[in-house]
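Here the structure is laid out as C-alpha cells; the discussion comes afterwards.
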Amino acid sequence: MRIHDTLTRKTVELVPREPGRITMYVCGVTPYASAHVGHARTAVVYDLLKRYLRHAGYVVTHVSNYTDIDDKIIRRAQEQGIAPLDLSARYIGEYLEDMAALNVLPPDITPRVSESIQDIIDLIGRIVANGYAYVSSDGVYFSVRKFSCYGRLSGRSVDEMRSGARVEVNEAKEDPLDFALWKLAKPGEISWDSPWGKGRPGWHIECSAMSLRHLGAGFDIHGGGEDLIFPHHENEIAQSEAALGGQQFVRYWMHSGMVNMGGEKMSKSLGNVMTVRELLEQYPGQVVRLYLLQTSYEKPLKFNISGFGQAFTTYERMAEFEAFLQELGQVSHEGLEPEFESTCSSFLGEFDASLADNLNTSRALASVYEFMTRVRRTASERLLGGSEASRALEVFRSALWVLGLDQTNDYMGHKSSLLAGKQHALMAVAAEVGVAADDHNSTSDLLDTIVMKRRVAREAGQYDVADQIRERLRGVGIALEDGVDGVRYRIHG
RNA sequence: GGCGGCAUAGCCAAGUGGUAAGGCAAGGGUCUGCAAAACCCUCAUACCCCGGUUCGAAUCCGGGUGCUGCCUCCA
C-alpha cells in the first residue's frame with residue numbers, strides 16, 4: 001500500500017522493516033478529561049489503518065500509549081483533591097468505553113508513562129552519555145543545537161525558531177529551544193527516583209522510550225494527530241536518534257487531520273469541544289464512525305452536527321442492506337451467476353485498491369454504495385438466489401469489517417432503545433386507534449398489537465382505518481413499510 | 001513575524017494534466033390499494049478570482065482573495 005509520509009512529504013510505497021510484519025506506534029491521549037471528537041478521529045483513523053493492513057495479510061503490532069502523568073494531570077488532580085494517577089486511571093477507563101463504542105479495536109500494547117519510568121531513565125541516560133543532554137538546576141535538558149537534523153520533520157530551521165517571539169524563556173536552559181527530558185519534582189509533587197534526583201519525565205521522552213521498548217529502533221509507522229508534528233514528534237526524533245547513535249528511529253511518519261468546530265481546531269484548551277460521550281447520547285457509535293470516515297484522514301474535518309443525520313441515513317441503508325441479504329441467504333439455492341460473482345469480486349478489488357491508496361475512505365465508501373445499488377438492482381430484476389445473497393453478504397461484511405462498520409447490531413440496538421423510549425407515545429396511539437394498552441408488558445408487544453390491528457383492517461379492505469394507524473405511528477417516529485412478506489418498521493428519534 | 005495546508009453543486013465529498021466518482025437533499029417515474037422501502041431517470045459547460053505554460057488544466061506555474069494549522073499544552 002501507499003501512504004503519505006510526513007518526513008519526506010511524499011506518498012510512498014510502504015515497505016516494512018521485516019517482510020509481512022508491520023510495527024506501528026500511535027501517540028495516545030493525556031487522560032485528564034473526557035475524549036472529544038478529535039481524539040475519536042485519530043483513534044478511528046489508525047484503527048482503520050491497522051484493520052486494512054491485517055486484511056491485506058500483514059501481522060500488525062500496534063502500540064498506543066497513555067501519558068498518564070503530566071503537568072495538567074497533576075494540576076487537575078490537585079483541584080479535585082485526588083491522586084494524579086487516580087485521575088488519569090478514571091479517564092483511561094472512560095476512554096476505553098468510548099473507543100469500544102466506536103468499534104476501535106484495542107491496541108496490542110498500551111503502555112503507561114507511570115509504568116515505564118525505568119525505560120525512560122535508561123533512555124535519558126544514553127542521551128546524556130552520548131553528549132546530547134545536560135543537567136541543569138531543575139532537570140535534564142536536551143541540547144537541540146547539537147542535533148543537526150533538528151527541524152526536518154516540521155520543516156523549520158533552528159535559526160528561524162530562534163528569532164520567533166514565542167519560544168519559552170527559562171533560565172535553567174542553555175538555549176531557549178532546549179526541552180526537558182527529566183523535570184525535578186517540586187515539594188509535594190508525585191516523583192520517581194533517578195540518577196538526577198527525584199522527578200518525572202518531560203513531555204516527549206515517554207513516547208521515545210515506550211516505542212523503542214516495544215517495537216525497537218527503525219519500527220515502521222509512527223502516527224498521531226498533525227498537531228503533534230511540532231514540537232512533540234520533532235523532539236522524539238531528536239532524542240531517539242541521539243540515543244540510538246545514528247540508527248534510524250522510525251521509517252514512516254503519518255499524521256491525521258484536525259477536527260474543526262466553529263472555524264477553529266477543536267481542543268480542550270479552547271473549550272470548543274464536543275465529547276464522544278455527548279455525541280454517543282444522540283447517535284450510535286457506528287454512525288459516528290461513519291461520519292469520521294467520510295473525509296480523507298489528512299484533511300481537516302469541519303465538525304457539523306447535521307452531518308450526523310446524513311451519516312445516520314447512510315448507515316441505516318447499510319444495516320438494512322445487510323439484513324436484506326441475510327434474509328435472502330436463508331433460502332438455499334443453486335450456484336452463482338458468473339456475472340454476479342464478478343460484481344462481488346470487482347467490488348472487493350476496487351474497495352481494497354481505494355484503501356491501499358493512502359486510505360482513501362471516500363472512494364472505498366463510494367464502492368460500497370455502488371455495490372449495494374448493483375446488488376439491489378439485480379434483486380429487482382430477478383430473484384436473487386440464496387447462494388448469491390450469501391456471497392454478497394460475505395464480501396459486504398468483509399468490507400464493513402475493514403472499515404470497522406460491521407456492528408450493524410449497534411444500529412439495531414439503537415432502534416430498539418428508541419422504541420423503548422416511545423412507550424408513552426405508543427400508549428396514546430393505542431388509545432386513539434382502539435387498542436387496549438394495559439395488558440402488554442413491553443413496548444414492542446404494544447407495537448405488535450397495533451400493527452396487527454392494522455393488518456386485520458387492511459385485509460378487510462378498510463384502508464382508511466389502516467392508513468390512519470400508519471399515520472399515527474409515523475407521527476411518533478415509527479414508519480411502517482408494507483412488503484410482500486409482511487410489515488417492517490423504521491424508527492427515528 | 002516565520003513555516004505549512006485548504007478553497008469542487010443546497011450540504012458532505014473524491015479526483016492532482018485528457019475533458020467533473022459517490023452520498024445526502026430535491027424533482028420526475030416504476031412498483032404499491034395508497035404510502036414507504038427498493039429500482040430507474042434528472043440534478044456543476046464546470047472546480048474562489050486574474051494571468052501564464054500546454055494540443056489539452058479543477059489538476060502545473062505566477063499573482064490575488066478568503067479560511068485554516070503549527071511556531072505554547074494539544075489527537
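In what follows, every chain begins at residue 1, and chains take the letters A, B, ... in the order their sequences are listed. Since the model is a prediction, treat every value here as computed from it, not as a measurement.
Regarding A/F179, its CZ atom lies at a distance of 12 Å from the P atom of B/rC73, rounded to whole Å. If you measure from atom CG of A/L383 to atom P of B/rC39, you get 16 Å, rounded to the nearest angstrom. Atoms CZ (A/F324) and P (B/rA36) sit 19 Å apart, rounded to a whole Å. The NE2 atom of A/H492 sits 14 Å away from the P atom of B/rA36 (whole-angstrom rounding). Atom CD in A/E322 sits about 20 Å away from atom P in B/rA37, given to the nearest Å. Whole-Å rounding puts the A/L301 CG to B/rC6 P distance at 16 Å. As rounded to whole Å, 7 Å separates atom P of B/rA75 from atom CG of A/D227. Taking atom CG of A/D178 as the reference point, atom P of B/rU72 lies 14 Å away to the nearest angstrom.
With a cut-off of 3.5 Å on both Watson-Crick or G-U wobble distances, the partner of B/rG17 is given as none. Checking B/rC24 for Watson-Crick or G-U wobble geometry (two distances, each under 3.5 Å) identifies B/rG10 as its partner. When both pairing distances are held under 3.5 Å, B/rA38 makes a Watson-Crick or G-U pair with B/rU30. Across all strands shown, the partner of B/rC60 is B/rG52, judged by Watson-Crick or G-U wobble contacts whose two distances both fall under 3.5 Å. Pairing for B/rU45 is absent, with no Watson-Crick or G-U wobble pair whose two atom distances lie under 3.5 Å. Nucleotide B/rG69 has B/rC3 as its partner under the Watson-Crick or G-U criteria, with both atom distances under 3.5 Å.
Put simply, the residue from A/K415, A/H492, A/H414 that forms a side-chain hydrogen bond (donor to acceptor under 3.5 Å, both in side chains) with A/E316 is A/H492.
Checking B/rG22, B/rC39, B/rA75 against every side-chain atom of A/T373, the shortest atom distance belongs to B/rC39. Minimum atom distance to the side chain of A/K265 is reached by B/rG69, of the listed B/rC6, B/rG69, B/rC40. Nearest to the side chain of A/E264, among B/rA75, B/rG69, B/rA21, sits B/rG69. Each of B/rA75, B/rG33, B/rA38 was ranked by its minimum atom distance to the side chain of A/R376; first place goes to B/rA38. Out of B/rA75, B/rA35, B/rC12, the shortest distance to the side chain of A/M258 is found at B/rA75. Of the candidates B/rA13, B/rA75, B/rA25, the closest approach to any side-chain atom of A/L228 belongs to B/rA75. Of all nucleotides listed (B/rA14, B/rA21, B/rA75), B/rA14 comes nearest to the side chain of A/S296. Checked against B/rA25, B/rG23, B/rC40, the side chain of A/R377 finds its nearest nucleotide in B/rC40. Closest approach to the A/T314 side chain among B/rG33, B/rC24, B/rC12 is made by B/rC24 (side chain taken as heavy atoms from C-beta onward). Closest approach to the A/R470 side chain among B/rC34, B/rA7, B/rC24 is made by B/rC34 (side chain taken as heavy atoms from C-beta onward).
Under 3.5 Å, the side chain of A/R156 and the base of B/rG4 form no donor-acceptor pair of N or O atoms. For A/S362 and B/rA13, a side-chain-to-base donor-acceptor distance below 3.5 Å is absent, hydrogens and geometry of angles not being considered. The base of B/rG23 sits within donor-acceptor range of the side chain of A/Q310, with an N or O pair under 3.5 Å.
Mapped onto RNA chain B by nearest heavy atom, A/M372 and A/N360 fall at different nucleotides, with A/N360 at the one closer to the 5' end. In terms of position on RNA chain B, the residue among A/E481 and A/G263 whose nearest nucleotide sits closer to the 5' end is A/E481.
The distance from atom NE2 of A/H204 to atom CZ of A/F179, rounded to the nearest 0.5 Å, is 6.0 Å.
Both geometric conditions, a ring-centre gap below 5.5 Å and a plane tilt below 30°, are fulfilled for A/Y463 over the base of B/rG33.
Using a 4.0 Å heavy-atom distance criterion, A/E370 is classed as a sugar-phosphate-only contact. Using a 4.0 Å heavy-atom distance criterion, A/R490 is classed as a sugar-phosphate-only contact. Within 4.0 Å of A/L480, counting heavy atoms only, lies at least one base atom of the nucleic acid. A/G28 comes within 4.0 angstrom of sugar-phosphate atoms only, judged by non-hydrogen atoms across all strands, and of no base. Residue contacts shown for A/G38 include a base, since a base heavy atom lies under 4.0 Å away.
B/rA57 and B/rU19 are spaced 10 Å apart, taking the C1' atom of each and rounding to whole Å. Atom P of B/rU16 sits at a distance of 12 Å from the matching atom of B/rA7, rounded to the whole Å. Of the C1' atoms belonging to B/rC73 and B/rG17, the separation is 44 Å, rounded to the nearest Å. Taking atom P in both B/rC39 and B/rG52, the straight-line distance is 48 Å, to the nearest Å. Taking the C1' atoms as reference points, B/rU30 lies 29 Å from B/rA20, given to the whole Å. For the P atom pair drawn from B/rA35 and B/rG69, the interatomic distance equals 50 Å after rounding to whole Å. Annotation: B/rU65 and B/rG56 have their P atoms spaced 29 Å apart (nearest Å). For the C1' atoms, the distance from B/rG33 to B/rG28 is 22 Å, rounded to whole Å.
More than 12 heavy-atom neighbours from other residues, nucleotides or ligands sit within 6.0 angstrom of CD on A/E13. Residue A/M452 places its CE atom among 12 or fewer non-hydrogen atoms of other residues, nucleotides or ligands, all under 6.0 Å distant. Annotation: A/R317, atom CZ; neighbour count of heavy atoms from other residues, nucleotides and ligands within 6.0 Å is above 12.
For B/rC24, the OP1/OP2 oxygens have a side-chain nitrogen or oxygen of A/R317 closer than 4.0 Å. Taking side-chain N and O atoms only, A/K302 has a distance below 4.0 Å to OP1 or OP2 of B/rA13. Within the structure, every side-chain polar atom (N or O) of A/S269 is placed at least 4.0 Å from both OP1 and OP2 of B/rC73.
In this structure, A/E97 contributes its side chain and A/E94 its backbone to no donor-acceptor pair below 3.5 Å. When atom types are taken as modelled, the side chain of A/T11 and the backbone of A/H4 share no donor-acceptor pair closer than 3.5 angstrom. Remark: side-chain polar atoms of A/Q407 are not paired, donor with acceptor, to backbone N or O of A/L102 under 3.5 angstrom.
For A/R200 and A/W182, the positive end is not near the middle of the six-membered ring at less than 6.0 Å and at most 45° from its axis.
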